[in-house]
Amino acid sequence: MVTISREDKIGLYRQLVLNRIFEEKTIELYRLEGIPELPHSNLGEEAIGVGSCYGLNADDYVVPDLRIRPALITKGVPLNEICADMYGRLGGTTNGRATSHHMGYPSLGVVGTSGIIGGHLTISAGFGMASKIRKDKRVTLCFFGDGGSNRGDFHTSINFASLKKLPVLYIISNNQYAEGMPVESHISIKDIADRAAGYSMPGKVIDGNDVLEVYREVQDSVERARNGEGPTLIECKTFRLRPHCEAHPETRSQEELDEAWKHDPVPRMEKHLLHEKILTESEMGDIRKEYTRQVDEAFEFGKSAPYPPVEELYNSVYDGEAEWVRS
Amino acid sequence: MVTISREDKIGLYRQLVLNRIFEEKTIELYRLEGIPELPHSNLGEEAIGVGSCYGLNADDYVVPDLRIRPALITKGVPLNEICADMYGRLGGTTNGRATSHHMGYPSLGVVGTSGIIGGHLTISAGFGMASKIRKDKRVTLCFFGDGGSNRGDFHTSINFASLKKLPVLYIISNNQYAEGMPVESHISIKDIADRAAGYSMPGKVIDGNDVLEVYREVQDSVERARNGEGPTLIECKTFRLRPHCEAHPETRSQEELDEAWKHDPVPRMEKHLLHEKILTESEMGDIRKEYTRQVDEAFEFGKSAPYPPVEELYNSVYDGEAEWVRS
Amino acid sequence: MREITIREALNEALQEEMKRDDAVILFGEDIARMQGAFKVTAGLLDMFGEDRVIDTPLAETLVVGGAVGMAMAGLRPVAELMFADFLGIAMDQLCNYAAKMKYNCGVNVPLVVRTACGARGSGMHHSQNTEGWIQNVPGLKIVMPSTAYDAKGLLKSAIRDNNPVVFFEQKTMYGLKGEVPEGGDLVIPLGKADVKRQGGDITIIATGGTVHEALAAAAELEGRGISCEVVDPRTLLPLDHETIIESVKKTHNVVIVHEAPKIGGIGAEIAAVIAEEAIYELESPVRRIGAPFTPVPFSRPLEKAYVPDRERIITTVMELLSPEGV
Amino acid sequence: MREITIREALNEALQEEMKRDDAVILFGEDIARMQGAFKVTAGLLDMFGEDRVIDTPLAETLVVGGAVGMAMAGLRPVAELMFADFLGIAMDQLCNYAAKMKYNCGVNVPLVVRTACGARGSGMHHSQNTEGWIQNVPGLKIVMPSTAYDAKGLLKSAIRDNNPVVFFEQKTMYGLKGEVPEGGDLVIPLGKADVKRQGGDITIIATGGTVHEALAAAAELEGRGISCEVVDPRTLLPLDHETIIESVKKTHNVVIVHEAPKIGGIGAEIAAVIAEEAIYELESPVRRIGAPFTPVPFSRPLEKAYVPDRERIITTVMELLSPEGV
Ligand SMILES: Cc1ncc(C[n+]2csc(CCOP(=O)(O)OP(=O)(O)O)c2C)c(N)n1
Ligand SMILES: Cc1ncc(C[n+]2csc(CCOP(=O)(O)OP(=O)(O)O)c2C)c(N)n1
Ligand SMILES: [Mg+2]
Ligand SMILES: [Mg+2]
């Protein structure tokens, strides 16, 4: 098992804080003045994306789903570009053609995905296969939720990945809900990771709110994958602290939410750092301040960037000239 | 566990013989003079369809795949109609519109399926759900192969069936091949039935060449299903003794085939009946003769029935008048 | 007359049919407890219980495949695909199963697949009009209503129809109000177009949300002395040739409008039918207005430019009727 | 010149492109050891090894989805869907992923999906022409060759194209021979139609297998004094308007033929384009010939009646050109 250095603990913490501030800002702005891209908040689930991606190589692939923005930010996607995409402005990754929800960032190995949940599981097997063919030692991290794990692509993808010993990690954020459906109402087994056994591959259930555990377990499986030993299914137990999206009302009980807040990954990591005397309260305050400024600036950038010209609509449908898309 | 009466053993044996003769005749006729519907032989796999369907109620549902004709014949589908469908003639179930491969026979609970393998798994969950809603105590038997189990519908269907405790049996004929692919090259686990554990439902691996075992195990799970205890995944190990279809050459080794023939379910059952003194050699000879005549007559019927008039092409696309299908 | 929203009209249709016939059940993601992403199934769980309003896991192959099985078993399921974009996941179950089983074995598949279509600020994966994906599939019917009245009457017919019907609901229109009589049994036959406005100079054939753009354009053009007839096919499969051809014979000019991309859309079929059956009646070329051949863009100004609107209809009509220049 | 079958032409194209570019890999069910259901990939496993000719499990979502991933990762996969009927299973991966990822994130998806289409005695689930299912999907290209020469040149182009291309191979034609030069680098640009026969009285626009029916009809009609031009679009998306319109301007009459059902097929788009761009050129109504709106029947006489053939083309041409009666 990986041991984690002081520096890395600080690094992980910084990412947690950055992502938390980004989420809080998103929620606040949406409530105050709206954001064109409807936020689906990952508040409380940050440790999964952060812990998974913190130790990756620059060229490792990350195949995200809707609620795993922390993976992207940890991979290094610039906040400004995310914000510009959220507002449909120039300066983002697609000049307003697409939302930030399923953005790709090829130079950082971030694979663009689809709002149609679950299709990216077979896509991930393709990335793994490409790495196997090219022997490029890259690993692919495929992120999805408990709900997404119900698509048939789960079955077809992990069967193939296990057969071919592909360097793919399937990382589930089991946040106990898929929209309004509690997990026990849509999945016929308690631990989704137990399904791995049916594919002759390792499955692990881990505490998705413990960024150190996520980091260690993912790193462990990454090493396995890089060594050609094949895929792993990692189920991170967590909790969706916000409604499915910011436009929805909260339908769950206050008790349930109160209980869940007790496991908030951010204070938990703070307690650890204080206890280990790695950071002081005031250093943590400085980090929060630093990121609050950065996040504010990013949103300012996104909000005030110009809208794309209508011409942009016709770009990037096809590679090469395609006048006819104007039809 | 069910005990099997002498009469039922004879009944099971008779079905085995009937199906074996039907297959042999099909193969012979195809070789000698061709048959419009390309045969995909179940030779050597008869015990699965026979053992599964022998004890069903008349109104139980059977959702077949391509190679499970013995299930249909055991359910009671008339041979004449099967043959007429194989030849695309009048007198079959669809007057030539469709092949016998995916025929339905509603009055016997036989559900029409698709040549696009695996789609019938979610359909089966629908039948199970209908029975649950209507509390009609029917069970649904869904048949598929090792290859078919790789469609995503496997995952989505059994998850739902287990969640809702649907009265559905998922019965796999694992005949070691999907076209040219040996099972270990396309499935990442030795026993497919082990996947059931990942859905909190029972999975059993049984000897698919032992008609008595198939009968007992299926009956056992049928009872469970009828009692509202939910689905079972039953993997019947068997072997495809013929090439994928009669138009293909044999690509496997003679040793492999010789070994497989040793487990032929028909002589195996004969040995049992002789040993238990349930039937004599000569009584078995009589049964064979009886069915040889019946099968010959059925093929005669199929071959000599008239072709449908071209008008038939436009029928049964829609319920109700639909002149416009002629477009 | 009483005015209700399309959402309410659909909800009433479901309610009435569920009361009329125990075999009608609802099946889909988040339709029971959450009442559907667009609240069309509001209240129905309480009214009819868990056995008739059934939540499914996130698995569209199951939503459609399971519903097909129930339909073949004799129920009359109304499946909900949360977004029309998800049709691609369940195309096999819909096009190779539902659409073909009657031909295969004589069994009816009385299935309705309701789904929400159209652009509304959500980007390429939650905005498509996918009726064009299935217009070449024998065995299916396709319905796309544009008013509360039609929505109610057509959904009730679709549920009673013994064939698989895909029912497209434009998501921008759920809140649109229109007259719907209280009580009675409002049933509108499938396969019948509706003339939404009478006119003499040009026929605008429009579907779904664009019907209202066409009506707005017609009102505006009236002021410029051009009298537009607006025809809403309502059922896209089968298409009502008679009403379309009759209108073209009356006006001698035609514009076809839909929100899906123009190339390969339902407008192609409509244009082809006119070119086959009424070509000598035309005094100007057929013109189609559809979205450009691009995914649906997210950014507001791009989406606005993408979706065909009254301005484009007006410009096109003017070009056609005064070819020397608008 | 040397004559080879379409099967051989496709095999040569794959071989040449695999030699030229290591990134080209093949992916599909039974394509390696078994060399494909129609033997198009014969010999390629031996030549290029297991890392480039890859057998997959029976899972079309994986065949297409996996190939999309490889393409996004920079390979140039050629996926094989054993039958075009199976497109429905993988529509999400194809239409919502492959087709949209460039718009979504700027990444090219240089993917070819080869698939066998058309009726050949196998019944409704192994006989369909499903190009109509995807003609309304921005981001895709669609190719359908009719000769060995075109098959080779178009497949090589499709592989080099940076966009997802769906390549339909009519299964009745795999054994059809045609002239293909030995050696050289035969590349035919996508998006260019081919005039397969020059003529002055009427244009027959035909695709895939029906091209040969059109040519046979044209030969027969020649004897009756009618000179037919036969245009093969070859690429259905994007469609070559120029060649089509030019031919219509020359002959002033047009028949469109394809094997898919007429309603909502690619012929609708072609007819619409003509009705938009060349209506004043026409001396007779546009006519489409396609299959009836039924699943593909199994029985021989029914299948024969189903598939559009030279007789129907001849009758239609005669009706159009001598409207007083044939
Ligand atoms: C294929 C598909 N089905 C349904 C939806 C609608 N939808 C969006 S998010 C969501 C819930 C997903 O649940 P889960 O995978 O657990 O992710 P979470 O939202 O909990 O992060 C659903 C049903 C979708 N986008 N795609
Ligand atoms: C969806 C789909 N993919 C591929 C095929 C082509 N095909 C027909 S039978 C077959 C093998 C099926 O294997 P299995 O399910 O094990 O059944 P078996 O043939 O061994 O009885 C294949 C690949 C098909 N008909 N449908
Ligand atoms: Mg969840
Ligand atoms: Mg098999």
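Just so it is clear, the values below take in all heavy atoms, side chains as well, and ignore hydrogens, waters and symmetry mates.
- For L313(A), the parts sitting under 4.5 Å from any heavy atom of chain D are the backbone and the side chain alike.
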Less than 3.5 Å apart and able to act as donor and acceptor by atom type: which atom pairs between chain A and chain D qualify?
| unit_1 | atom_1 | unit_2 | atom_2 | d |
| --- | --- | --- | --- | --- |
| R97(A) | NE | Y103(D) | O | 3.3 |
| H102(A) | O | N104(D) | ND2 | 2.7 |
| G112(A) | O | Y97(D) | OH | 3.4 |
| T113(A) | O | N104(D) | ND2 | 3.2 |
| R134(A) | NH1 | A73(D) | O | 3.1 |
| R134(A) | NH2 | A73(D) | O | 2.5 |
| R151(A) | NH2 | D92(D) | OD2 | 2.8 |
| D153(A) | OD2 | Q93(D) | NE2 | 2.6 |
| T156(A) | OG1 | T61(D) | OG1 | 3.3 |
| L313(A) | O | Y103(D) | OH | 2.6 |
| S316(A) | O | Y103(D) | N | 3.2 |
| Y318(A) | OH | G139(D) | N | 3.0 |
| Y318(A) | OH | L140(D) | N | 3.3 |
| Y318(A) | OH | L140(D) | O | 2.6 |
| D319(A) | N | N163(D) | OD1 | 2.7 |
| D319(A) | O | N163(D) | ND2 | 3.2 |
| D319(A) | OD2 | N162(D) | ND2 | 2.8 |

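- P106(A) approaches V107(D) most closely through the heavy-atom pair CG-CG2, 3.4 Å.
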Next on the checklist: side-chain contact (heavy atoms from CB on, under 4.5 Å) for M72(D) and F127(A)? Distances and angles first, verdict last.
Outcome noted: CA-CA 8 Å; M72(D) 290 177 75; F127(A) 273 89; 3.5 Å; yes

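- Neither the backbone nor the side chain of L58(D) has a heavy atom closer than 4.5 Å to any heavy atom of chain A.
- Interface remark: L121(A) contributes no atoms to any contact with chain D (heavy atom separation under 4.5 Å).
- Other residues, nucleotides and ligands contribute over 12 non-hydrogen atoms within 6.0 Å of the CD atom of E229(A).
- In terms of heavy-atom pairs under 4.5 angstrom with chain A, the leader among P110(D), A73(D), A99(D), G191(D) is A73(D).
- For the pair G104(A) and C105(D), the tightest heavy-atom approach, listed with the atom from each and the gap, is N-CB, 3.5 Å.
- Per-residue counts of heavy-atom pairs under 4.5 Å with chain A were compared for P57(D), A59(D), A67(D); the largest is that of P57(D).
- Neither the backbone nor the side chain of V325(A) comes within contact range of chain D; no heavy atoms are under 4.5 Å apart.
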